S.K.: 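So that we are looking at the same thing, I have put the structure below in structure tokens.
The figures that follow rest on heavy atoms only: side chains count, while hydrogens, waters and symmetry mates do not. This is a predicted model, so every value here is computed, not measured.
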Amino acid sequence: MRLSLARAKFCEQIALCRFESENPPKAFLTGILSLIDGILDHELEQVLIGLPIHEEIKSALRNEKCDLGNYLLLVKSIEKGLWNESVIIANKIALDSEVCFEAYRKSLSWADEMLSCEN
């Protein structure tokens with residue numbers, strides 16, 4: 001759950017940094033759903049069939065090339081500590097890598113806050 005929340009907030013922040021008025025909510029949803037196949041223990045395509053979500057979100061979840069897909073690719077590379085790859089992806093989407101790393105740090109803090117509210 002923490003990872004889904006962190007990814008959601010990270011993707012949302014990246015969309016905001018890029019001044020994409022339409023994408024922050026879609027980016028957040030993309031991050032939340034990025035682990036849905038594992039959470040539901042079903043193949044991704046099975047899960048996507050039943051979800052009434054924007055096609056760009058589905059494309060990103062399938063690892064297809066699109067802005068939202070790049071956000072997921074970036075967050076996954078940061079999670080794995082692939083710093084050089086992260087910098088390359090950040091440059092590809094016209095963002096400073098330090099901004100991306102700070103956004104990831106903030107997204108982890110936010111996710112922890114959200115989960116601590118449950119108690």
S.K.: Say whether Val99 and Leu73 are linked into one hydrophobic cluster, either directly or through other cluster members, by side-chain heavy-atom distances under 4.5 angstrom.
M.R.: no
S.K.: Looking at every heavy atom in both Ser97 and Ala90, which two are closest together, and how far apart are they?
M.R.: CA-CB, 4.0 Å
S.K.: Which one of Arg18, Glu12, Lys26 satisfies the side chain to side chain contact (heavy atoms under 4.5 Å, CB included) criterion with Tyr71?
M.R.: Arg18
S.K.: Suppose we screen for side-chain hydrogen bond (donor to acceptor under 3.5 Å, both in side chains). Which residues come up paired with Ser107, at least two apart in sequence or across chains?
M.R.: none
S.K.: Is there a continuous path of hydrophobic side-chain contacts, each under 4.5 Å between heavy atoms, that joins Met1 to Ile32?
M.R.: yes
S.K.: Do Lys65 and Asn70 have side-chain heavy atoms sitting under 4.5 Å apart?
M.R.: no
S.K.: Taking all non-hydrogen atoms of both residues into account, name the closest pair between Ser34 and Leu61 and its distance.
M.R.: CA-CD2, 3.6 Å
S.K.: Could you tell me if the side chain of Cys11 sits less than 4.5 Å from the side chain of Leu72, heavy atoms only?
M.R.: yes
S.K.: Once rounded to the nearest 0.5 Å, what's the spacing between atom CD1 of Ile36 and atom OG of Ser4?
M.R.: 7.5 Å
S.K.: Find the distance between CD1 (Ile93) and SG (Cys100) and round it off to the nearest 0.5 Å.
M.R.: 5.5 Å
S.K.: Taking a hydrophobic cluster as the set of Ile, Leu, Val, Met, Phe, Trp and Tyr residues connected by side-chain heavy atoms closer than 4.5 Å, whether directly or through intermediates, do Trp110 and Leu115 fall within one such cluster?
M.R.: yes
S.K.: State, yes or no, whether a side-chain contact exists between Leu3 and Glu79 at a heavy-atom distance under 4.5 Å.
M.R.: yes
S.K.: Can Ile88 be reached from Phe101 by stepping across I, L, V, M, F, W or Y side chains whose heavy atoms are under 4.5 Å apart?
M.R.: no
S.K.: Could you state the interatomic distance from CG (Leu5) to CZ (Phe28), rounded to the nearest 0.5 Å?
M.R.: 6.5 Å
S.K.: State the NZ-CD1 distance between Lys76 and Ile89, to the nearest 0.5 angstrom.
M.R.: 10.5 Å
S.K.: Which atom names give the shortest non-hydrogen contact between Ser77 and Glu85, and what distance separates them?
M.R.: CB-OE2, 3.7 Å
S.K.: Considering the options Ile14, Leu74, Ile78, which one meets the side chain to side chain contact (heavy atoms under 4.5 Å, CB included) requirement together with Tyr104?
M.R.: Ile78
S.K.: Within this structure, what is the NZ-OG distance for the pair Lys9 and Ser109, rounded to the nearest 0.5 Å?
M.R.: 11.5 Å
S.K.: Walk me through it: do Arg7 and Leu35 pass the test side-chain contact (heavy atoms from CB on, under 4.5 Å)?
M.R.: CA-CA 10 Å; Arg7 284 182 179 185; Leu35 298 168; 3.4 Å; yes
S.K.: Under 4.5 Å between side-chain heavy atoms, hopping through other hydrophobics if needed: is there a path connecting Leu82 to Leu108?
M.R.: no
S.K.: Can you give each donor-acceptor pair under 3.5 Å made by side-chain atoms of residues 39-53, sequence neighbours left out, with the distance rounded to 0.1 Å?
M.R.:
unit_1, atom_1, unit_2, atom_2, d
Glu45, OE1, Arg62, NH2, 3.4
Glu45, OE2, Arg62, NE, 2.7

